[in-house]
Amino acid sequence: MLYDVQGPRARRRTLVGSIVGSVLLALLALVVAKRLADQGQFDGDLYRAFVEEPQLWTRLGEGLRNTLTAAAYGLVLATVTGIVLAFGRLSTVAVVRIPAVAVIEFFRATPLLLLIFAFFLATPIVLGIRIQPLWALVLGLTLYNGAVIAEIIRAGILSLPRGQTEAALAVGLTRGQTLGSVLLPQAVRVMLPSLISQLVVLLKDTSLGFIICFEELLRVGGQLRQFLHNPIQMYVVIALIYIAINLLLGRLATYVEGRQRARLGQAVTVQPQPADLG
Amino acid sequence: MEAVVDNLDLLLEGFLRTLTLTALAATGALCLGTLVAAMRVSPLLPLRWAGTCYVESVRNTPLTVVFALAVFGLPKAGLGLTFFQFALLALTLYTGTFVAEAVRSGVNSVAPGQSEAARTLGMSFPQTLGLVILPQAFRNVIPPLASVFIALLKNSSIASAFGVAEATSRMGSLIEDNPSAVLWLLAAVALGYVVLALAASLLLSRLERSLAVAR
């Protein structure tokens, strides 16, 4: 609440401000449009392929399928890794806990691209096997997102009331059983919105695959624009595809969060950390 | 191991470039993000709308696509810049959205009584925002901003694929020259990023402590 309900004078000022703001924004848009028009970027030829060539969409569809495949493998493996690492970090045994902390902190602080390179460049030289770009990408995504998801799950488990742990231990469950069958199912439910948000990050990060020649959406777009000569139009289309998918996922996260809040009658969801922006 | 020691100057030069890119993009993103956050909380509907459009579209686009659009698209619009400038532009635009979201949630986290009191004293909207809300919001916002800037540091590695000779790109060419030292080179560069990220988070948490006020 940064301002009161506006009176007549303030309303007039707001109206004037809005008009001035709109004019400035319109001018900016006009300058950009003029620049693009001067360079012939509104030429019909640059757009024709999108309408007249069904093959273009077939190719983009293949790229999108590869993107989604990598994201799906990454999500499953990263969630498993995340659960293991979170349990490790919550362990009471120092021999387990300290390595888990080190692994989580290291992979969170390393650029994802470096991890992907590590699998792509190092495995042929060190192990003598050439792994497919898809698996280099998936393994990189798994390590980085696994570390991030571990922290999300840990936050979820720590946000649960202590009584849950105490009751589980009191009825004779071991610590492992307490974590696995009492705390984790509740934590996953609490953390579901954050996990879906992390999926957005993961999906965006699959586009790093183009650097190691994995044929995902961005790389296919790059190949197509090389003989259509329309980088602006091509990359805008690709951006729109990503935006549509991610907005849907964002909506889903908000919906799940709202449903939980309604069911539990309180705000128990822990906000996703802004750190997770790969 | 020798490959790392022998080429230490090249790697350090790469990290210097990484740091320059990160620092410049962080400054730009901070200005841009604050401006957009102010637009999104203002009573002026068109500005709010424009701010929302920018944040929602760029934040949901992969950084690599933003890079590709800048590096391959802008020259077609008659904008010829160096690779470093393109990288700076892409990183600033992308990180600006996350800064805007962090600042906006910071503004929303300031107790409503603060703005009510400021309004009661007769302060205008810019005064309320500039003198009362933003100074407090920035304090709340330092921990999320720290994460945003550390992510920016890591994201700057993507510039290596778009012609900027920063740390990751130096590592790539050194691995080509010394394939047997691949693990050492990877470890050295990863360590470099971890050290930089740790240093940044220490610096920012000190800043947070020094700005903290008793409440």
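Below, chain A is the first sequence line, B the second, and so on; all start at residue 1.
Side chains of B:N60 and A:Y242 form no contact here, defined as non-hydrogen atoms less than 4.5 Å apart. Looking only at side-chain heavy atoms (C-beta outward), B:L47 and A:L25 come within less than 4.5 Å of each other. Within the 4.5 Å cutoff, side-chain heavy atoms of B:K76 are placed close to those of A:Q41. Under the 4.5 Å side-chain criterion, counting only non-hydrogen atoms from C-beta, A:M234 is not in contact with B:F72. Between A:L114 and B:S157 the shortest side-chain heavy-atom distance does not fall below 4.5 Å. The closest side-chain heavy-atom distance from B:L79 to A:R35 is below 4.5 Å. The shortest distance between side-chain heavy atoms of B:K154 and A:T110 does not fall below 4.5 Å.
Heavy atoms closer than 4.5 Å to chain B are found nowhere in A:V32, neither backbone nor side chain. Residue contact with chain A, scored on non-hydrogen atoms closer than 4.5 Å, involves the side chain of B:S160 exclusively.
For the options B:V182, B:I150, B:V66, heavy-atom pairs under 4.5 Å to chain A are most numerous at B:V182. Top candidate by heavy-atom pairs under 4.5 Å with chain A, chosen from B:S105, B:P179, B:A161, B:A118, is B:P179. In terms of non-hydrogen atom pairs under 4.5 Å with chain B, the most contact-rich of A:I211, A:L218, A:L240 is A:L218. The greatest number of non-hydrogen atom pairs below 4.5 Å with chain A, out of B:A68, B:G73, B:P62, is found for B:P62. Ranking A:G21, A:A109, A:G40 against chain B, the residue ahead of the rest is A:A109, based on heavy-atom pairs under 4.5 Å.
The CD1 atom of B:I158 sits 4.5 Å away from atom CG of A:L208, with the distance rounded to the nearest 0.5 Å. To the nearest 0.5 Å, atoms OG (B:S147) and CZ (A:R108) are separated by 8.0 Å. A distance of 8.5 Å separates CD in B:E176 from CG in A:L121, rounded to the nearest 0.5 Å. Rounding to the nearest 0.5 Å gives a distance of 11.0 Å between OG of A:S207 and CZ of B:F67. Expressed to the nearest 0.5 Å, how far CD1 of B:I175 lies from CD1 of A:I125 amounts to 7.0 Å. One distance of note links OG1 of B:T64 with CZ of A:R219; it measures 12.0 Å at 0.5 Å rounding.
Of all heavy-atom pairs between A:A122 and B:L183, the closest is CB-CD2, 4.0 Å. Of all non-hydrogen atoms in A:A118 and B:L186, the two that sit nearest each other are CA-CD1, 3.5 Å. Shown here for B:V65 and A:I238, the closest heavy-atom pair between the two residues is CG2-CG2, 4.2 Å. The minimum heavy-atom distance linking B:L45 with A:S18 is given by the pair N-OG, 4.0 Å.
Here the two rings, on B:F162 and A:F210, have centers that are under 6.0 Å apart.
Applying side-chain contact (heavy atoms from CB on, under 4.5 Å) to B:S57 and the options A:N246, A:I243, A:L247 leaves one that passes, A:I243.
Taking the side-chain hydrogen bond (donor to acceptor under 3.5 Å, both in side chains) definition, one finds that A:E105 meets it with A:R89, sequence neighbours left out.
Around CZ of B:F83, the count of heavy atoms belonging to other residues, nucleotides or ligands within 6.0 Å does not exceed 12.
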